[in-house]
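In what follows, a structure is listed as structure tokens, so that the remarks can point back to it.
A note on names: the letters A, B, ... follow the listed sequences, proteins ahead of strands, and every chain is numbered from 1. Reckoned from all heavy atoms, side chains included, excluding hydrogens, waters and symmetry mates. Note that the structure is predicted; figures quoted are calculated from it, not measured.
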There are 2 protein chains.
Amino acid sequence: MPRGDLLGSLEYIVLLALVRLGPDAYGMTVRREIETRVGRNLSIGAVYATLDRLEAKGYVSSIVGEPTATRGGRAKRHFRIEVAGQRALKASEDAIRSMSAGLKRRWENA
Amino acid sequence: MPRGDLLGSLEYIVLLALVRLGPDAYGMTVRREIETRVGRNLSIGAVYATLDRLEAKGYVSSIVGEPTATRGGRAKRHFRIEVAGQRALKASEDAIRSMSAGLKRRWENA
DNA sequence: GAATTGTTCTACTCGGCAGAACAAATCGCG
DNA sequence: CGCGATTTGTTCTGCCGAGTAGAACAATTC
């Protein structure tokens with residue numbers, strides 16, 4: 001087990017997507033959200049793998065909903081960020097913030 | 001080769017440490033900087049592994065300097081962030097920013 | 001049965017981690 | 001004043017978890 005335990009980069013992005021999507025968060029929408037926002041096209045397998053890992057850590061939870069009455073509208077597995085996940089998210093944010101604090105100066109002229 | 005190619009989480013932190021340390025950046029100082037700033041104790045192996053990977057990608061470069069006349073002051077391997085590395089850093093920053101833009105609201109009450 | 005929306009499975013590579021081993025310099029004691 | 005002890009620094013070994021792509025599978029409506 002790692003010591004500091006920060007989030008992986010995809011884990012981080014996925015958690016943010018969950019916050020952003022709220023109740024509409026499930027595999028496909030998470031993927032779409034990231035692709036359109038970040039401009040990064042990732043495989044659906046990567047998304048679910050990450051989601052599963054986050055769930056195993058207790059950072060997110062999932063429940064399967066009811067099928068919808070639209071063509072192909074099968075039951076979705078909805079994901080929600082848990083308290084532990086929010087803590088992890090903040091921890092990673094803080095780590096980044098503390099490393100980049102007061103760097104603008106050195107940063108611009110290069 | 002991955003499509004979007006964002007940085008790993010440690011890669012990100014290490015690059016920031018390089019910017020922060022400037023000419024004083026080498027294995028031991030990078031480690032110390034991260035440990036004190038982020039409060040995460042990581043092994044020296046992890047640091048060098050990351051640094052080597054970043055160098056292989058052309059994101060950083062390294063040169064070995066002269067030994068110093070202090071006890072145990074053997075030659076250091078200095079690391080410097082390259083232009084490609086700065087681009088990668090900005091790209092990751094942007095990815096995070098675009099995902100977290102306008103999230104404060106939803107964020108606080110949970 | 002065809003098309004559509006969504007999830008799971010398979011197989012692989014790369015990133016992250018710890019700690020020991022190794023290397024090169026100075027210090028200190030006889 | 002020489003050679004082992006100490007200090008600073010890097011490389012090596014081995015492992016496990018994260019990330020990736022794409023095919024397979026499932027369930028629903030047209």
Side-chain angles (χ1 to χ4, degrees), chain A residues 1-15 21 24-35 38 40-57 59 62-79 88 92 95, chain B residues 1-15 17 21 24-35 38 40-57 59-60 62-79 88 92 95:
Chain A
M1 197 76 65
R3 257 50 181 80
D5 204 27
L6 293 187
L7 293 166
S9 50
L10 222 208
E11 292 179 322
Y12 188 87
I13 300 283
V14 165
L15 280 184
L21 289 167
D24 287 346
Y26 60 98
M28 307 304 284
T29 52
V30 168
R31 177 199 205 183
R32 209 175 317 155
E33 181 75 8
I34 294 175
E35 285 191 335
V38 181
R40 176 189 191 181
N41 56 329
L42 40 80
S43 74
I44 188 64
V47 174
Y48 280 106
T50 304
L51 249 7
D52 287 344
R53 224 181 308 119
L54 289 172
E55 186 167 37
K57 291 181 188 171
Y59 290 172
S62 70
I63 52 167
V64 289
E66 292 297 308
T68 61
T70 65
R71 166 106 146 179
R74 62 174 290 198
K76 297 162 184 48
R77 186 174 160 209
H78 295 273
F79 289 88
S92 286
Chain B
M1 199 74 65
R3 257 47 185 88
D5 204 25
L6 294 187
L7 294 166
S9 50
L10 222 209
E11 292 180 322
Y12 188 86
I13 300 281
V14 165
L15 281 184
L21 290 167
D24 288 345
Y26 60 98
M28 307 304 284
T29 53
V30 168
R31 179 202 205 182
R32 209 174 318 157
E33 181 76 7
I34 294 175
E35 285 192 335
V38 180
R40 174 190 193 183
N41 56 330
L42 42 80
S43 74
I44 188 63
V47 174
Y48 279 105
T50 304
L51 248 9
D52 287 344
R53 226 180 308 119
L54 289 172
E55 186 167 38
K57 291 181 188 172
Y59 290 171
V60 311
S62 70
I63 52 168
V64 290
E66 293 296 309
T68 61
T70 64
R71 166 106 147 182
R74 60 173 292 195
K76 297 161 183 48
R77 185 174 161 208
H78 295 273
F79 288 88
S92 285

Round to the nearest Å and state the distance from [X] atom [atom1] to [N] atom [atom2].
| X | N | atom1 | atom2 | answer |
| --- | --- | --- | --- | --- |
| B:Asn41 | C:dC17 | CG | P | 11 Å |
| B:Ile44 | D:dT7 | CD1 | C1' | 15 Å |
| A:Ile13 | D:dA18 | CD1 | C1' | 14 Å |
| A:Asp52 | C:dT8 | CG | P | 7 Å |
| A:Leu42 | D:dG22 | CG | P | 12 Å |
| A:Leu10 | D:dG17 | CG | C1' | 14 Å |
| B:Glu11 | D:dG19 | CD | P | 11 Å |
| B:Glu66 | D:dG9 | CD | P | 15 Å |

If you pin B:Arg32 and A:Ala75 to their nearest nucleotides in DNA chain D, which one's is more 5'?
B:Arg32

On DNA chain D, more 5' by nearest nucleotide between B:Thr70 and B:Ala46 is B:Thr70

So [X], base contact, sugar-phosphate only, or nothing? Heavy-atom distance under 4.0 Å.
| X | value |
| --- | --- |
| A:Gly27 | sugar-phosphate |
| A:Arg77 | sugar-phosphate |
| B:Gly8 | sugar-phosphate |

Measuring from the side chain of A:Arg71 (C-beta onward, heavy atoms only), which nucleotide among C:dA2, C:dG16, C:dG6 has the closest atom?
C:dA2

Presence of donor-acceptor pair under 3.5 Å, side chain of A:Arg53 and base of D:dA18:
no

Looking at the base of D:dA26, is there any donor atom on it, or on the side chain of A:Arg74, that sits under 3.5 Å from an acceptor on the other one?
yes

Does a salt bridge link A:Glu11 with A:Arg53, judged by any charged N lying under 4.0 Å from a carboxylate O?
yes

Do B:Arg77 and B:Glu55 meet the salt-bridge criterion of a basic N to acidic O distance under 4.0 Å?
yes

Side-chain N or O of [X] less than 4.0 angstrom from OP1 or OP2 on [N]?
| X | N | result |
| --- | --- | --- |
| B:Ser43 | C:dC17 | no |
| A:Arg31 | C:dG6 | no |
| B:Lys57 | C:dG15 | yes |

What's the separation between atom CD1 in B:Ile44 and atom CE in B:Met28, rounded to the nearest 0.5 Å?
5.0 Å

Rounded to the nearest 0.5 Å, how far apart are CZ of B:Arg40 and CG of B:Leu10?
4.5 Å

With a 4.5 Å limit on heavy-atom distance, are the side chains of A:Tyr59 and A:Leu7 in contact?
yes

